[in-house]
Amino acid sequence: MRRFAHAPASENPTSTTESRRSDRDTLARLWPYLWAYKGRVVLALSFMIGAKVANVGVPLLLKNLIDKLAPHPDSAQAMLVVPVGLLVAYGLLRLSTSVFTELRELVFAKATEGAARSISLQVFSHLHALSLRFHLERQTGGMTRDIERGTRAVHSLISYSLYSIVPTLIEVTLVLTLLATKFDMVFAWITLAALVVYITFTVSVTQWRTRFRREMNELDSKAHTRAIDSLLNYETVKYFNNEAFETHRYDEALERLRKAGVRTQQTLSLLNTGQQSIIAIGLIAMLWRATQGVVVGRMTVGDLVMVNAFMIQLYIPLNFLGVIYREIKQALTDLDKMFTLMQRDREVADAPDATPLLIKGAPSVRFDHVEFAYDKARPILHDVSFEIPAGQTVAVVGPSGSGKSTLARLLYRFYDVQGGRITVNGHDIQRLTQDSLRRSIGIVPQDTVLFNDTVAYNIAYGRPESSQEEVIGAAKAAHIHDFISSTPKGYETMVGERGLKLSGGEKQRVAIARTLLKNPPILVFDEATSALDSANERAIQAELSAVAQGKTVLVIAHRLSTIVHAHEILVMEQGRIIERGTHPQLLAVNGRYAQMWRLQQSGAHEA
């Protein structure tokens, strides 16, 4: 068992083994979601420019005021200018900066939230459109973490780029222009050189650090996956006393995450130290040049104050450029992962010319020389052909692994056949829209999973627009109404995660009730009464038989006693139909079905 504790976790479907788009491609994918609010985008940019113009105006105001004060510091005019000019103008400019900034965020908030909502909704819809194979292979914890980070990345990307990077670039442009026009070009070259070195250092080091961040995120997703998987299988953990084993596995994942976190922090410290060194050198060079200008009379004290104020205003946002750039890169990585999910191929997709299934009454269903394999190396169905005439019931029996449940999955188009075809009323289901096909089919699966909601919600899920009376009627038909009524909260009783607060029989009866509520023309019962006791099974079997009247029914059964009245019984073995006929005909043949019948009858008598 210890050997398995060190086995690597299976690859997440959204892992970085898939090709990653460039940052430009990711931004190009994001842009249409924002441009849907183009009016707000343009208005927000206008407010942003206004905020930066006001911000750059503050040092210019200080320079003029100080220069006016310098020649006559004791004059009445100076006493008037200081309290009135300085306080009013400075206050207005500062207020303008804040007002424009808040207006920008207020105007753009709807675009940000709208884009995040649109992307999240599209990912959610796409995940539901993906095939059953994807959902059987996925790791829920890691995938949900990727979606959560991707949604958050939309906010981070917009916030850091629109509220930090773009404003800083505007301010740098304005400051460089002012320094070059009001003084000699040396000031502009010093500022520009410092910026180039700073940005080059920041980008190169951050690019180098990205792999450590990506590794940390991968380890975080794996640790989260292990925790979620363990908690979802709480009962299994308890059955085998493996609490310590699960804790150890989780601790191993956390330890790898801790080491990755330490490496990330070490490289961050290196980045911050280098940035501060470049900023300090640039600031010293600028002030030295300005001080020299004041000494020789080429510049005034006001000019020195202005240069110093400009440098402070520039370097304060630049001081966070490393963090901002890192967060933008991380946001792009997270957003790319979510876009990668959106680009997962839909294994089962509607044909371009797919038409809706339009039927009145019970249709006929036909499997015509069907071949299928989940894995090409291990075929499941071999040349399977049979027909369910309209309004009749066909039952399929056979040992586990013979391909019985696969028939239901193929009919529902969880997978597409690899040979032959399946038709409903003569229409190839691959030429029909999935939505119309699935609306015509109701399935009671062998393994029932419920939503962590009320009993009423889970029954009404068969037809969400149904009334409370219809929900109760379906519950009565499924023989679960009395149980629900006996609980303190009745139909508002919560069923727990995956319905674990209910017994297996109670879950199955809820599943039967919601399928009865859906009332489709085609019914599939996949071991629909396998979790019920004999008394309830007989009662529900009678109800199912009554409901099946006038419908086309496929029954996948283990207990042969539940399908003796089927119009035709198919016996499957190793993916092939080896016998077919009615119950009396198959007993008369005295073949595989008769053998299974005798075994079950002898078991029932012994019980």
Side-chain angles (χ1 to χ4, degrees), residues 361-368 370 381 384-400 402-412 422-425 440-446 477-479 508 511-512 515-516 518-532 534 536-573 575-601 603-604:
S364 62
V365 175
R366 180 172 180 79
F367 283 68
D368 191 8
V370 170
L381 298 181
V384 173
S385 295
F386 67 91
E387 183 176 4
I388 312 175
Q392 294 195 15
T393 299
V394 169
V396 183
V397 299
S400 297
S402 60
K404 304 188 301 297
S405 294
T406 300
L407 297 176
R409 290 178 171 181
L410 292 176
L411 175 60
Y412 208 70
I422 302 172
T423 62
V424 176
N425 269 0
S440 303
I441 303 174
I443 293 183
V444 179
Q446 180 178 3
H479 287 258
Q508 205 147 25
I512 292 171
T515 301
L516 297 179
K518 184 179 181 181
N519 194 29
I522 303 173
L523 291 172
V524 178
F525 299 131
D526 187 358
E527 306 279 5
T529 59
S530 61
L532 303 179
S534 298
N536 274 310
E537 181 184 34
R538 282 192 293 272
I540 290 182
Q541 198 63 46
E543 292 288 346
L544 293 179
S545 298
V547 170
Q549 294 298 317
K551 296 184 185 296
T552 303
V553 183
L554 174 64
V555 180
I556 297 164
H558 172 69
R559 298 180 191 173
L560 304 187
S561 59
T562 63
I563 47 94
V564 294
H565 299 298
H567 295 94
E568 185 179 35
I569 299 171
L570 309 176
V571 182
M572 292 190 68
E573 198 167 271
R576 291 180 171 84
I577 299 175
I578 59 173
E579 293 178 5
R580 66 177 74 206
T582 62
H583 176 69
Q585 289 171 344
L586 290 173
L587 289 180
V589 171
N590 197 28
R592 187 75 178 91
Y593 179 84
Q595 181 186 9
M596 293 166 62
W597 176 262
R598 286 193 294 270
L599 283 172
Q600 289 195 13
Q601 290 300 105

Between atom [atom1] of [X] and atom [atom2] of [Y], what is the distance when rounded to the nearest 0.5 Å?
| X | Y | atom1 | atom2 | value |
| --- | --- | --- | --- | --- |
| Leu554 | Phe386 | CG | CZ | 5.5 Å |
| Ile569 | Leu560 | CD1 | CG | 7.5 Å |
| Ile388 | Leu411 | CD1 | CG | 7.0 Å |
| Gln392 | Glu568 | CD | CD | 9.0 Å |
| Leu587 | His583 | CG | NE2 | 4.0 Å |
| Ile563 | Tyr593 | CD1 | OH | 4.0 Å |

Between Arg598 and Asn590, is a side chain to side chain contact (heavy atoms under 4.5 Å, CB included) present by the stated rule, with each step listed?
CA-CA 10 Å; Arg598 286 193 294 270; Asn590 197 28; 2.8 Å; yes
Side chain to side chain contact (heavy atoms under 4.5 Å, CB included) assessment of Ile443 paired with Tyr412
CA-CA 9 Å; Ile443 293 183; Tyr412 208 70; 3.6 Å; yes
Check whether [X] reaches the backbone of [Y] with its side chain - one donor and one acceptor, N or O, closer than 3.5 Å.
| X | Y | result |
| --- | --- | --- |
| His567 | Val394 | no |
| Lys404 | Met572 | no |
| Ser440 | Pro521 | no |

Residues forming a ring pair (Phe, Tyr, Trp, His ring centres under 6.0 Å) with His558, sequence neighbours excluded
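Testing His558 for ring pair (Phe, Tyr, Trp, His ring centres under 6.0 Å), a comparison that skips the adjacent residues, returns none.
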Set of side-chain hydrogen bond (donor to acceptor under 3.5 Å, both in side chains) partners for [X], sequence neighbours left out:
| X | result |
| --- | --- |
| Glu573 | Arg592 |
| Asp368 | none |
| Ser405 | Asp526 |
| Lys518 | none |

Where do [X] and [Y] come nearest, in terms of heavy atoms and distance?
| X | Y | value |
| --- | --- | --- |
| Ile577 | Ser385 | CD1-O, 3.6 Å |
| Ala478 | Ile512 | CB-CG2, 4.0 Å |
| Pro520 | Gly442 | CG-N, 3.2 Å |
| Ala557 | Thr562 | CB-OG1, 3.9 Å |
| Ile556 | Ala408 | CD1-CB, 3.8 Å |
| Thr552 | Ala390 | OG1-CA, 3.7 Å |

Residue list, side chain to side chain contact (heavy atoms under 4.5 Å, CB included) with Thr406, at least two apart or on another chain
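Partners of Thr406 by the side chain to side chain contact (heavy atoms under 4.5 Å, CB included) criterion, ordered by chain and then number, come out as Phe372, Tyr374, Ile380, Leu381, Leu410.
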Quick one: are Phe525 and Thr393 in side-chain contact, heavy atoms under 4.5 Å?
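Phe525 does not reach Thr393 side chain to side chain.
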